[in-house]
Amino acid sequence: MEVREILRNNLERITSQIADACRAAHRDPAEVRLVAVTKTVSSEVAALLTELGVCDLGESRPQELWRKAAAIPQARWHLVGHLQRNKVERTLPLVTLIHSVDSWRLLAAIEAAAQKINRIADVLLEFNLSGEPAKHGFVPEQEAEVPDVLAGLHYVRVRGLMTLAPLGTDHESARPTFAALRHLRDRLALRLAGTPHTLHHLSMGMSNDFRGAIQEGATLIRIGTALFAGLSDAHATTA
């Protein structure tokens with residue numbers, strides 16, 4: 001089976017699952033955007049996704065995003081993994097959205113880089129709600145700091161929140177974590193009403209748990225494994 005056909009079949013299956021999850025949650029599927037996380041595949045495979053109508057592509061590593069964005073400039077690129085401050089200036093002009101702002105120092109670096117190129121940077125704040133030490137993100141206790149910090153920003157707009165479910169969870173067992181992010185977003189949205197920070201997006205849910213994320217209000221789901229299932233090692237990234 002050709003790569004394009006494998007991708008098309010996987011995409012059709014995932015799209016159907018998204019629609020089913022939205023119906024169960026009484027949501028419009030148009031409210032949920034698929035971000036294809038391409039870290040395991042080559043630029044050639046990632047480019048096929050844009051031909052199949054998937055224009056939002058995500059990368060976990062800035063260096064890999066730089067390489068693929070040069071090869072696939074027609075995509076809307078999302079940085080979904082940890083971003084070091086020394087990589088902000090090169091990354092910022094290439095991305096539509098940074099999902100993984102996990103510290104105030106990183107947020108300040110993005111503000112400075114955005115000011116330097118005179119553009120607005122759209123970001124999400126990443127919260128570690130599972131408490132796992134290996135994960136990045138703000139801890140829940142930092143919720144109270146958010147409005148004061150965001151009040152000092154001029155070139156950054158916080159568009160929502162992002163989280164990862166605990167390792168090993170499935171659609172149902174991940175739902176409490178996703179619900180916690182939704183409640184956190186709702187509380188912050190009230191405190192930020194009237195500011196430029198709209199907090200519309202909830203980036204949560206991956207291949208093993210995106211249906212549970214949709215049930216709890218996800219607007220951005222980050223899918224990699226399920227989308228590229230069935231591809232051979234020959235189509236893996238060479239980086």
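Note: hydrogens, waters and symmetry copies are ignored here, and every other heavy atom, side chains too, is used.
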Pairs satisfying salt bridge (Lys or Arg N to Asp or Glu O under 4.0 Å), at least one member in residues 150-179, at least two apart: Asp122-Arg159, Glu172-Arg175, Arg175-Glu216
Pairing residues for Gln17 by the side-chain hydrogen bond (donor to acceptor under 3.5 Å, both in side chains) criterion, not counting sequence neighbours: none
What pairs of donor and acceptor atoms, side-chain ones from residues 48-55 against any protein atom, are under 3.5 angstrom apart with sequence neighbours left out?
unit_1 : atom_1 : unit_2 : atom_2 : d
Thr50  : OG1    : Ala47  : O      : 2.6
Thr50  : OG1    : Gln74  : NE2    : 3.3
Glu51  : OE1    : Arg4   : NH1    : 3.0
Glu51  : OE1    : Arg4   : NH2    : 2.7

Residue pairs, two or more places apart or on separate chains, that pass ring pair (Phe, Tyr, Trp, His ring centres under 6.0 Å) and touch residues 3-24: none
Transitive ILVMFWY cluster of Val35, excluding itself - 4.5 Å side-chain cut-off: Leu97, Leu124, Met162, Leu220
Donor-acceptor under 3.5 Å (Asp209 side chain, Thr169 main chain): no
Of all pairs that satisfy salt bridge (Lys or Arg N to Asp or Glu O under 4.0 Å), the ones with a partner from residues 102-118, not counting sequence neighbours: Glu89-Lys116
Contacts of Trp104 that satisfy ring pair (Phe, Tyr, Trp, His ring centres under 6.0 Å) - sequence neighbours left out: Phe138
Met206: hydrophobic cluster co-members (side-chain, 4.5 Å): Leu164
Side-chain donor/acceptor of Arg119 to backbone N/O of Leu92, under 3.5 Å: yes
Residues that Thr163 engages under side-chain hydrogen bond (donor to acceptor under 3.5 Å, both in side chains), provided they are two or more places apart: none
Partner residues of Arg90 under the side-chain hydrogen bond (donor to acceptor under 3.5 Å, both in side chains) criterion, sequence neighbours left out: none
Residue pair Glu31 / Thr219, side-chain donor-acceptor N/O under 3.5 Å: no
All pairs passing ring pair (Phe, Tyr, Trp, His ring centres under 6.0 Å) where residues 175-214 contributes a residue, at least two apart: His171-Phe210
Donor-acceptor pair, side chain of Arg27 and main chain of Ile214, under 3.5 angstrom: yes
Members sharing Ile120's hydrophobic cluster (side chains within less than 4.5 Å): none
